[in-house]
Amino acid sequence: MNIEIEELAKEFGTTRALHPVSLSIPSGALVALLGPSGSGKTTLLRILGGLEFPTSGRVLFGGQDATGLSVQERRAGFVFQSYALFKHMTVFENIAYGLRARKRHERPAEAEIGRRVNKLLDLIQLPDIGTRYPNQLSGGQRQRVALARALAIEPRMLLLDEPFGALDAKVRKELRQGLREIHDRTGLTTVFVTHDQEEAMELADLVVVMSMGRIEQVGKPAEIRAKPATDFVRSFTAA
Amino acid sequence: MSDIALTPPVPVTTEPVLIRSLLIGLSLVFVALFLFAPLVTVFVEALRQGWGATVDALRLPDAQAAIRMTLTIAAIAVPINAVFGIAAAWAITKFDFRGKAFLITLIDLPFSVSPVVAGLMLVLLFGANSTLGGWLIANGMPIVFAFPGIVLATLFVTFPFVARELIPVMIEQGRAEEEAALTLGASGWRTFFTVTLPNIRWALLYGVLLCNARAMGEFGAVAVVSGKIRGETATMPTMVEMFYNEYLSVAAFTLAAVLAMLALLTLLLKSLLEWRHADLLAATRRH
């Protein structure tokens with residue numbers, strides 16, 4: 001599903017987190033929102049997910065206005081920076097949460113829920129951890145569980161906030177590959193936020209460089225490397 | 001303590017034996033002198049004239065009315081304050097709004113205002129001499145020197161307990177888990193019952209137990225508002241005082257002992273729950 005962002009702006013009190021920005025994300029793309037902290041990238045992601053609402057502007061999902069849609073209606077799979085797994089639930093219950101939260105007539109039977117959760121555990125290559133609690137997992141495992149939980153709701157898109165931020169370099173490389181594979185297999189339009197230009201360049205089809213609440217440049221990694229549009233992009237991607 | 005001492009390599013935080021025993025001894029003496037001895041005295045005094053006298057004291061209609069009154073008040077005030085405490089803590093920790101600092105100060109007000117003053121405020125607000133109080137009495141709903149007044153006074157003095165326990169826990173937990181539940185399609189209520197409530201249940205339990213202890217034990221505010229009418233508005237603490245002033249010391253201490261036992265019971269309940277859910281507590285409390 002393609003995403004259109006039209007003149008989107010966000011103010012928190014008197015501070016402007018986002019100047020009016022426009023962006024179009026093609027269906028099935030893997031997009032990185034790249035920028036330093038305070039660049040507005042997380043705000044933009046949270047607006048897409050329905051966790052914040054814009055001060056002005058519109059968001060279109062698959063050509064339909066989604067600006068006023070509630071967070072539940074968006075059906076966006078969201079992976080949080082520190083994963084936000086439910087500490088008091090097992091991995092199985094975490095992943096099943098979104099299915100069990102559905103309205104009665106849309107809710108799959110318990111056996112079907114079990115089948116789907118196990119399929120997702122296979123997808124993230126952790127088939128045997130269903131009975132464990134989040135605090136019994138490594139950082140990399142938690143991240144993958146968070147991804148499985150987001151995928152369980154059969155989302156229309158996947159949104160990830162610094163998905164590799166809290167991990168060490170080796171695990172980060174592995175999980176990058178993992179995200180790429182899951183993206184390619186599901187074909188979901190995927191947007192992730194990062195401050196790591198190497199990560200953005202290596203993983204994304206399309207990189208959106210942001211600074212101070214503005215979009216500086218949008219392009220394929222190679223284009224941004226070859227032709228940085230502004231001094232900021234040049235210095236930030238050279239770092 | 002003991003397993004620290006038993007570990008062969010001496011931890012850097014260990015003090016010399018002399019200082020350690022001095023500190024431990026000091027705390028033990030303090031606890032024994034100021035906490036344990038008075039508690040024991042209450043029970044000793046209650047039983048001074050034998051079990052018969054104690055049981056007779058419990059049979060006094062005034063004593064039974066006071067026990068009933070205190071339990072009823074606690075049964076009403078504690079759930080109300082649990083709900084309002086959760087609501088206040090929720091509002092303060094999950095939303096940003098103008099006047100938040102003021103609200104936090106306001107929640108602490110019952111802690112800083114003397115209970116007697118709190119009682120007096122209610123008398124002035126709802127008493128026969130105020131417009132509101134006059135109207136309520138004229139319409140057959142007296143507040144002061146009646147049951148509703150005692151509930152109000154108890155609600156006032158016990159308001160901060162639940163909120164105060166919850167606020168730090170909820171601040172520490174942040175909003176991420178709730179946001180995650182919402183993105184997964186859960187409604188606000190579902191998020192509250194399946195994510196927020198399980199995360200705060202221990203803090204909530206402590207808050208409720210403290211609130212309950214205070215609700216049953218409150219003297220000052222209730223004494224002023226209730227008028228201490230025997231068999232009608234006297235609660236256990238106020239009845240204890242009245243018995244004591246009338247030199248009915250066995251009756252006074254018996255009732256005091258029942259009150260103390262109710263408090264000990266809540267503590268026991270808390271310990272029992274902690275012990276029963278120790279592994280779960282360890283698994284879910286921190287990462």
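Because only heavy atoms are used, hydrogens play no part in the values below, and waters and symmetry mates are left out as well, while side chains stay in. All chains are named by letter (A, B, ...) in the order of the sequence lines, taking the proteins before the strands, and each is independently numbered beginning at 1.
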Under the ring-ring contact (aromatic ring centres under 6.0 Å, His included) test, which residues partner B/F159, sequence neighbours left out?
-> none
Can B/E177 and A/K87 be said to form a salt bridge (charged side-chain N to carboxylate O under 4.0 Å, His left out), step by step?
-> CA-CA 9 Å; B/E177 281 186 47; A/K87 292 190 282 293; 2.6 Å; yes
Across all chains, not counting sequence neighbours, the side chain to side chain donor-acceptor pair (under 3.5 Å) partners of B/E178 are B/K94, B/T196
Sequence neighbours excluded, every pair satisfying salt bridge (charged side-chain N to carboxylate O under 4.0 Å, His left out) that has a member inside residues 205-217 of chain B | B/R214-B/E218
Any idea how A/Y97 and A/F86 line up, ring-wise: parallel (<30°), tilted (30 to 60°), or perpendicular (>60°)?
-> tilted
Examine whether an atom of A/R149 lies under 4.5 Å from a heavy atom of chain B, and if so say whether it belongs to the side chain, the backbone or both; otherwise answer neither.
-> both
A/E154/A/R116 ion pair, N-O < 4.0 Å | yes
Taking the inter-plane angle between the rings of B/W189 and B/F192 on a 0 to 90° scale, is it parallel (under 30°), tilted (30 to 60°) or perpendicular (over 60°)?
-> perpendicular
Would you please go through residues 98-107 of chain B and name the residues with a non-hydrogen atom below 4.5 Å from one of chain A, in numerical order?
-> none
What part of A/R102 lies closer than 4.5 angstrom to a heavy atom of chain B: side chain, backbone, both or neither?
-> neither
